[in-house]
Asker: 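One structure, pasted below without further comment.
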Amino acid sequence: MSLEVTRKENQQPTPPTGGHNGNGMALLQSMATTHRLRLNPNTEHKPESYEGLHLEFSPLLFSSLERYLPPPMLSHSRDSKLHYMRDIILRYSPEGERTRVQKQREYRQKIISHYQPLHRELYAMHASNFFAPSFLKAINENKEESFRSIMAEPTQGVFTFEMLQPHFCELLLSEVENFEKWVHETKFRIMRPNTMNKFGAVLDDFGLETMLGKLMEDFIRPISKVFFSDVGGSTLDSHHGFVVEYGINRDVELGFHVDDSEVTLNVCLGKQFSGGDLFFRGVRCDKHVNTETQSDEILDYSHVPGRAVLHRGRHRHGARATTSGHRVNLLLWCRSSVFRELRKYQKDFSSWCGECQREKKERQRVSIAATKQV
């Protein structure tokens, strides 16, 4: 949840590794010299599933990137496309990032090989058992009017809606408690969700990564495509899923910040608590992250178990003190590698930054005034 933004630097291309169909790859590489990646995704193409493979990067990243491949490449085998896309990613992924991803994979594998899940039904997507019927109906219809019919938008760009069934919330709370008990008994040193929360757990680390990936891909991305297309909502391809805990002997509050995400899903799981309201103060780019809040950007929101809050990661927010009880929230930071790459070369963020919008309107006002004067 740091305000700092890490930039990726280009590096020299990495030679392809062996173990794949040489003729197929030679043909793909030959085609790559005459065919560029698409500027926009092929929304009609249904990409391959890369789940279950031992990959250095998220399977969703490959599925997302496949939509950008030149049309002649789409008919090739999954193995050939995977090899070609991996080569592209390695060209532009710094060595430090690749090392970090590899260590993270090893860390997760160590946990998964020792931790015994309590509720195995959580580890695969069972939509009818997880979600509120109204939410499922809107997702299945997949129309803006269907989404809006179940949502409230108390301030621009912050959407709230009923999402999780009580039984799912209970199961997930129980699973997290079981994991924390295992951590305590084995004295296993775990990584906390982020730099600001000292309590909570990363759900991806103990086996829930695939389920949460489906949650992002099949349920959050369709909504984000409609409401957050200006920040990569239609190209979300990776996530960071975790729970945070507030109350006595837990974190108490959370300071003013922005998330390391393009779109953030925040759902209260329970339990009994008072306080802990979220407060929102407008969307900002890096340049304007510390500028003043306008009166129409102020929102205070009280958590309700099972009810979701969906907003841009750059929407400044914080959490007030939980004054009694124990509050646990599920967070899903959804990210778009395409948007992050494009953002490096942009100078105008007025499509989503509130302060950039105000500066642009002021320049237009001054220009019109000057023209009238002349």
Side-chain angles (χ1 to χ4, degrees), residues 1-10 94 97 151-160 193-197 220-221 223-240 244 253-266 277-301 309-320 329 331-370:
M1 292 185 171
S2 171
L3 292 177
E4 298 180 1
V5 177
T6 302
R7 291 182 59 88
K8 294 182 179 178
E9 298 180 357
N10 293 343
E97 174 65 10
M151 291 176 166
E153 189 178 6
T155 190
Q156 186 174 1
V158 178
F159 300 92
T160 67
N194 52 67
T195 57
M196 297 181 71
N197 286 98
I220 302 306
R221 192 161 66 187
I223 300 175
S224 300
K225 182 179 179 179
V226 173
F227 299 112
F228 304 123
S229 60
D230 52 0
V231 292
S234 62
T235 57
L236 300 175
D237 53 26
S238 65
H239 73 270
H240 176 51
V244 290
E253 60 187 5
L254 191 62
F256 198 42
H257 65 281
V258 295
D259 296 337
D260 182 13
S261 69
E262 274 60 75
V263 177
T264 292
L265 173 71
N266 185 342
D277 288 0
L278 281 178
F279 59 93
F280 290 90
R281 298 296 185 264
V283 185
R284 294 292 188 274
C285 65
D286 290 342
K287 178 182 176 182
H288 297 123
V289 72
N290 291 314
T291 55
E292 293 184 4
T293 301
Q294 304 301 311
S295 59
D296 60 349
E297 296 178 318
I298 296 175
L299 170 67
D300 283 17
Y301 171 81
V309 183
L310 193 68
H311 59 86
R312 291 175 181 83
R314 298 295 308 187
H315 207 131
R316 301 180 300 177
H317 60 285
R320 302 193 190 285
N329 280 52
L331 276 295
L332 191 69
W333 286 357
C334 305
R335 297 161 174 162
S336 167
S337 55
V338 173
F339 175 76
R340 293 188 175 209
E341 185 65 25
L342 293 175
R343 193 174 65 181
K344 296 178 183 180
Y345 309 102
Q346 288 181 314
K347 295 182 180 180
D348 179 19
F349 302 105
S350 59
S351 65
W352 52 271
C353 171
E355 194 62 28
C356 285
Q357 291 171 2
R358 276 180 281 280
E359 289 183 352
K360 186 175 182 178
K361 288 179 180 178
E362 179 61 18
R363 289 194 300 270
Q364 291 173 341
R365 186 193 68 79
V366 170
S367 177
I368 292 170

Asker: Of all residues at least two apart in sequence or in a different chain, which pass the side chain to side chain donor-acceptor pair (under 3.5 Å) check with Glu362?
Answerer: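 Once residues adjacent in sequence are excluded, the partners of Glu362 under the side chain to side chain donor-acceptor pair (under 3.5 Å) criterion are Arg365.
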
Asker: Can you confirm whether Phe279 sits close enough to Phe256 that some side-chain heavy atom of one is under 4.5 Å from a side-chain heavy atom of the other?
Answerer: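 They are in contact (side-chain heavy atoms under 4.5 Å apart), so the answer is yes.
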
Asker: Might you point out which heavy atoms bring Leu332 and His239 nearest each other, and give the distance in Å?
Answerer: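 So the two residues come closest at CD1-CD2, 3.7 Å.
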
Asker: First locate atom CG of Leu342, then atom OG1 of Thr235, and finally report the distance between them rounded to the nearest 0.5 Å.
Answerer: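 Between Leu342 CG and Thr235 OG1, I get 8.0 Å after rounding to 0.5 Å.
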
Asker: Which pair of non-hydrogen atoms, one from Lys225 and one from Ser234, has the smallest distance, and what is that distance?
Answerer: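 Nearest heavy atoms, Lys225 then Ser234: CG-CB, 3.6 Å.
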
Asker: Would you say Arg314's side chain and Arg284's backbone share a donor-acceptor pair under 3.5 angstrom?
Answerer: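 Judged by distance alone, yes, a pair lies under 3.5 Å.
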
Asker: Around Gln294, counting heavy atoms of other residues, nucleotides and ligands shown, do more than 12 lie under 6.0 Å from its CD?
Answerer: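 Result for CD/Gln294: enclosed.
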
Asker: What residues form a salt bridge (Lys or Arg N to Asp or Glu O under 4.0 Å) with Arg281, not counting sequence neighbours?
Answerer: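 Arg281 satisfies salt bridge (Lys or Arg N to Asp or Glu O under 4.0 Å) with Asp300 only.
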
Asker: Has His311 got a side-chain atom pairing as donor or acceptor with Val309's backbone, closer than 3.5 angstrom?
Answerer: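 No: the side chain of His311 does not pair with the backbone of Val309.
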
Asker: Taking Glu297 first and then Arg358, would you say they form a salt bridge - that is, a charged N and a carboxylate O separated by under 4.0 Å?
Answerer: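 Looking at Glu297 and Arg358, the cut-off is met.
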
Asker: Taking all non-hydrogen atoms of both residues into account, name the closest pair between Gly232 and Ser336 and its distance.
Answerer: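 In terms of heavy atoms, the two residues are closest at O-CB, 3.6 Å.
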
Asker: Side chains of Asn266 and Thr264: is there a donor and an acceptor less than 3.5 Å apart?
Answerer: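 Looking only at side-chain atoms, Thr264 and Asn266 do not form any donor-acceptor pair under 3.5 Å.
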
Asker: With rounding to the nearest 0.5 Å, note down the distance linking OG in Ser229 to CZ in Phe339.
Answerer: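 Spacing of OG (Ser229) from CZ (Phe339) equals 10.5 Å.
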
Asker: Which residues pass the side chain to side chain contact (heavy atoms under 4.5 Å, CB included) test with Glu292, sequence neighbours left out?
Answerer: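 Applying side chain to side chain contact (heavy atoms under 4.5 Å, CB included) to Glu292 gives none.
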
Asker: Look up atom CG in Leu254 and atom CG in Asn194, then write down how far apart they are to the nearest 0.5 Å.
Answerer: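 It comes to 7.0 Å.
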
Asker: Is there a side-chain contact between Tyr301 and Val158 (heavy atoms, below 4.5 Å)?
Answerer: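 Tyr301 vs Val158: side chains apart.
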
Asker: Taking only Lys NZ, Arg NE, NH1 and NH2, and the carboxylate oxygens of Asp or Glu, determine whether Asp260 and Arg335 approach each other closer than 4.0 Å.
Answerer: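 Here Asp260 pairs with Arg335 in a salt bridge, since their nearest N and O are under 4.0 Å apart.
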
Asker: What closest approach, in Å, do His240 and Pro193 show between heavy atoms, and which atom pair accounts for it?
Answerer: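 Looks like NE2-O, 2.8 Å.
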
Asker: Is the shortest heavy-atom distance from the side chain of Leu310 to the side chain of Phe228 under 4.5 Å?
Answerer: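 Yes, at least one pair of side-chain atoms sits under 4.5 Å.
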
Asker: Mind checking the CZ-CG spacing from Arg343 to Asp286? Nearest 0.5 Å is all I need.
Answerer: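 That separation rounds to 6.0 Å.
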
Asker: Using 30° and 60° as the class boundaries, would you call the ring planes of Phe227 and Phe159 parallel, tilted or perpendicular?
Answerer: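 Tilted: the ring planes of Phe227 and Phe159 meet at 30° to 60°.
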
Asker: Could you tell me whether a side-chain N or O of Glu253 sits under 3.5 Å from a main-chain N or O of Ala319, the two making a donor and an acceptor?
Answerer: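 Not confirmed, Glu253 side chain does not pair with Ala319 backbone.
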
Asker: Would you say the side chain of Asp259 lies within less than 4.5 Å of the side chain of His317, judging by non-hydrogen atoms?
Answerer: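 Yes, at least one pair of side-chain atoms sits under 4.5 Å.
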
Asker: Where is the tightest heavy-atom contact between Thr155 and Leu299, given as atom of each residue plus distance?
Answerer: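 Scanning both residues, the minimum pair turns out to be CG2-CD2, 3.5 Å.
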
Asker: Identify the heavy atoms of Asp230 and Ser351 that sit nearest to each other, and give their distance.
Answerer: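 Closest approach of Asp230 to Ser351, heavy atoms only: OD2-O, 3.1 Å.
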
Asker: Determine whether Cys285 and Cys356 make a side-chain contact, defined as any pair of heavy atoms from C-beta on separated by less than 4.5 Å.
Answerer: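 A side-chain contact exists here, since the closest heavy-atom pair is under 4.5 Å.
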
